[in-house]
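Structure, as structure tokens:
Numbering starts at 1 and runs along the sequence shown. Read the numbers this way: they start at 1 and go in the same order the structure lists the ligands and their atoms. As the structure is a computational prediction, the values presented were derived from the model and not from experiment. Side chains included, hydrogens not; waters and symmetry mates left out as well; all remaining heavy atoms used.
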Amino acid sequence: MDFSLSKQDQLFLQMIREFAEKEVKPLAAEVDESERFPMETVQKMAKLGIMGIPFPVEFGGAGGNNILYTMAVEELSRVCATTGVIVSAHTSLCCAPIMEHGTPEQKAKYLPKLTSGEWIGAFGLTEPNAGTDASAQQTFAVKEGDHYVLNGSKIFITNAGYAHVYIIMAMTDKSKGTKGISAFIVEKDFPGFSIGKKEKKMGIRGSATCELIMENCIVPAENLLGQEGKGFGIAMKTLDGGRIGIASQALGIAQGAMDETVKYVKERKQFGKSLGQFQNTQFQLADLQTKVEAARLLVRQAAYKKDQKVPYSTDAAMAKLFAAETAMEVTTKAVQFHGGYGYTREYPVERMMRDAKITEIYEGTSEVQRMVIAANLLK
Ligand SMILES: Cc1cc2nc3c(=O)[nH]c(=O)nc-3n(C[C@H](O)[C@H](O)[C@H](O)COP(=O)(O)OP(=O)(O)OC[C@H]3O[C@@H](n4cnc5c(N)ncnc54)[C@H](O)[C@@H]3O)c2cc1C
């Protein structure tokens, strides 16, 4: 096993780290406070190649791999989890399924614009009545000549309203259950497609999360992604990859909270000593950093297996489960270490705690990750 990076990739990562510190971190509190999508950050990331890290140069990507991608999402999320999820949803949930299941024409048409960051991507699977039970899709697609007509709605869609391209799941044959679900590449300007309500969220407040509405939405037949009836498999495979991205986001949030806490406990004095001189502080921080490092190894292992094209579904589920729960634990304790100051918006740890919670919920709740892991154990 080898998680090492080439010299060129190390330089790329160094560039992202500096970008995160200089350009992303200073905006994080304001983006959260005003619930503002940081479009200027996305435009800068596009110029730097961050919107297409694991994709080949011939498709407009940066020519990196999934390990590099996890490191980049971690670096961004360390200072701003909103920025981390914008990149993760775009890369793993929109670019990746087109790369993996698209026809040569679809790849040529969509990937260069997406991986270069000229266009942003999104993924629409969840519906009001189809969350964890994603098979209960009520969006329908009916073929009429050279196009499909889509009717239905999606909720909680990340990047909605800013994305140009949406991967949408819809039933083409309800009688076949999950084998009757198909995937489509839908452009924001297709007739009958619109954006609905924007959610007011606890965390990742700069990330747009909206409803999608399809009312007799016309999708050209050539925009079917994969074959008819293969959509559920495409969605599940896409989420396996997406979980590596969210695990990286959770890892970044956890490391960011550790960084802030270590800095704080060295400075803050009570009883004539810094907080870092109390053994309670030292032992807790040692345990927490050990968990963060364990999460990091799980994340890298899942990415490594994806790069090696060997099965990684269970690895991705373990990485997401452990990284998300670690992020929640670390951020909760980070607030505690900051005392009353941690509860105020003067310090970033309360934002990190709010941001951490979503990593236990989206792209499959922690319960779903446990189902995936157990199913593999007991098969
Ligand atoms: C901010 C945000 C962004 C999102 N982005 C996207 C996106 O870009 N695209 C997209 O398609 N979706 C997206 N989602 C949707 C997200 O993936 C779902 O919210 C999530 O999968 C859970 O579905 P649900 O909310 O319907 O909860 P439910 O399915 O109603 O689950 C509620 C609770 O019950 C538990 N539960 C359900 N079934 C079982 C079971 N069989 N056994 C044990 N426990 C169970 C769940 O684990 C959970 O704790 C997003 C959600 C949010 C909040």
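- A side-chain N or O of T365 and one of E367 form a donor-acceptor pair less than 3.5 Å apart.
- What sits closest to atom 36 (N) of ligand 1 on the protein, heavy atoms only, is T132 OG1, 4.4 Å.
- The aromatic rings of Y110 and W119 sit tilted, their planes meeting at an angle between 30° and 60°.
- For ligand 1, one of its N or O atoms has an N or O atom of L125 under 3.5 Å away.
- For atom 33 (C) of ligand 1, no protein heavy-atom neighbour is present inside the 4.0 Å cut-off.
- For atom 8 (O) of ligand 1, the closest heavy atom belonging to the protein is T158 N, 3.0 Å.
- Between the side chains of T70 and R300, a donor-acceptor pair is found at a separation under 3.5 Å.
- Screening K107, K230, K237 against E100 for a salt bridge (Lys or Arg N to Asp or Glu O under 4.0 Å) leaves a single residue, K237.
- With hydrogens and angles left out, the side-chain atoms of S153 and E127 include no donor and acceptor closer than 3.5 Å.
- Below 3.5 Å of separation, one finds no N or O of Y362 facing any N or O of ligand 1.
- Looking at T41 and I86, their side chains never come closer than 4.5 Å, going by heavy atoms from C-beta outward.
- Using a 4.0 Å cut-off to heavy atoms of I157, the atoms of ligand 1 that qualify are 7 (C), 8 (O), 9 (N), 10 (C), 11 (O).
- Judged by the shortest distance from any of its heavy atoms, K154 lies outside the 4.0 Å radius around the atoms of ligand 1.
- Atom numbering of ligand 1 starts at 1 in the shown order; those under 4.0 Å from a heavy atom of K201 are 1 (C).
- Atom numbering of ligand 1 starts at 1 in the shown order; those under 4.0 Å from a heavy atom of T365 are 22 (C), 46 (C), 47 (O), 48 (C).
- For atom 12 (N) of ligand 1, the nearest protein heavy atom (residue, atom name, distance) is T126 OG1, 2.6 Å.
- For atom 51 (C) of ligand 1, the protein comes within 4.0 Å by at least one heavy atom.
- With hydrogens left out, the protein atom closest to atom 20 (C) of ligand 1 is I361 O, 3.7 Å, a heavy atom.
- The pair K44-E23 counts as a salt bridge, with a side-chain nitrogen and a carboxylate oxygen less than 4.0 angstrom apart.
- Of the listed residues (M169, K357, E363), the one carrying the non-hydrogen atom nearest atom 17 (O) of ligand 1 is E363.
- Taking the six-membered ring for Trp and the full ring otherwise, the centers of Y304 and Y312 sit at least 6.0 Å from each other.
- Regarding atom 24 (P) of ligand 1, its nearest protein heavy-atom neighbour is G131 CA, 4.0 Å.
- A donor-acceptor contact closer than 3.5 angstrom is absent between the side chains of Y69 and S248.
- Looking at ligand 1, you'll find an N or O of F156 within less than 3.5 Å of one of its N or O atoms.
- Closest to atom 40 (C) of ligand 1, if we only count protein heavy atoms, is M371 CE, 3.2 Å.
- Under the 30°/60° scheme for interplanar angles, the aromatic rings of H338 and Y264 are found to lie parallel.
- Neither the backbone nor the side chain of V368 comes within contact range of ligand 1; no heavy atom lies under 4.0 Å.
- Within the 4.0 angstrom cut-off, atom 28 (P) of ligand 1 has one or more protein heavy-atom neighbours.
- Checking E18 against Q14 by side-chain atom types alone, a donor-acceptor pair falls below 3.5 Å.
- The protein heavy atom nearest to atom 49 (O) of ligand 1 is E367 OE1, 3.4 Å.
- Under a 3.5 Å cut-off, the side chain of D307 and the backbone N or O of N66 do form a donor-acceptor pair.
- The nearest heavy-atom contact from the protein to atom 9 (N) of ligand 1 is F123 O, 2.8 Å.
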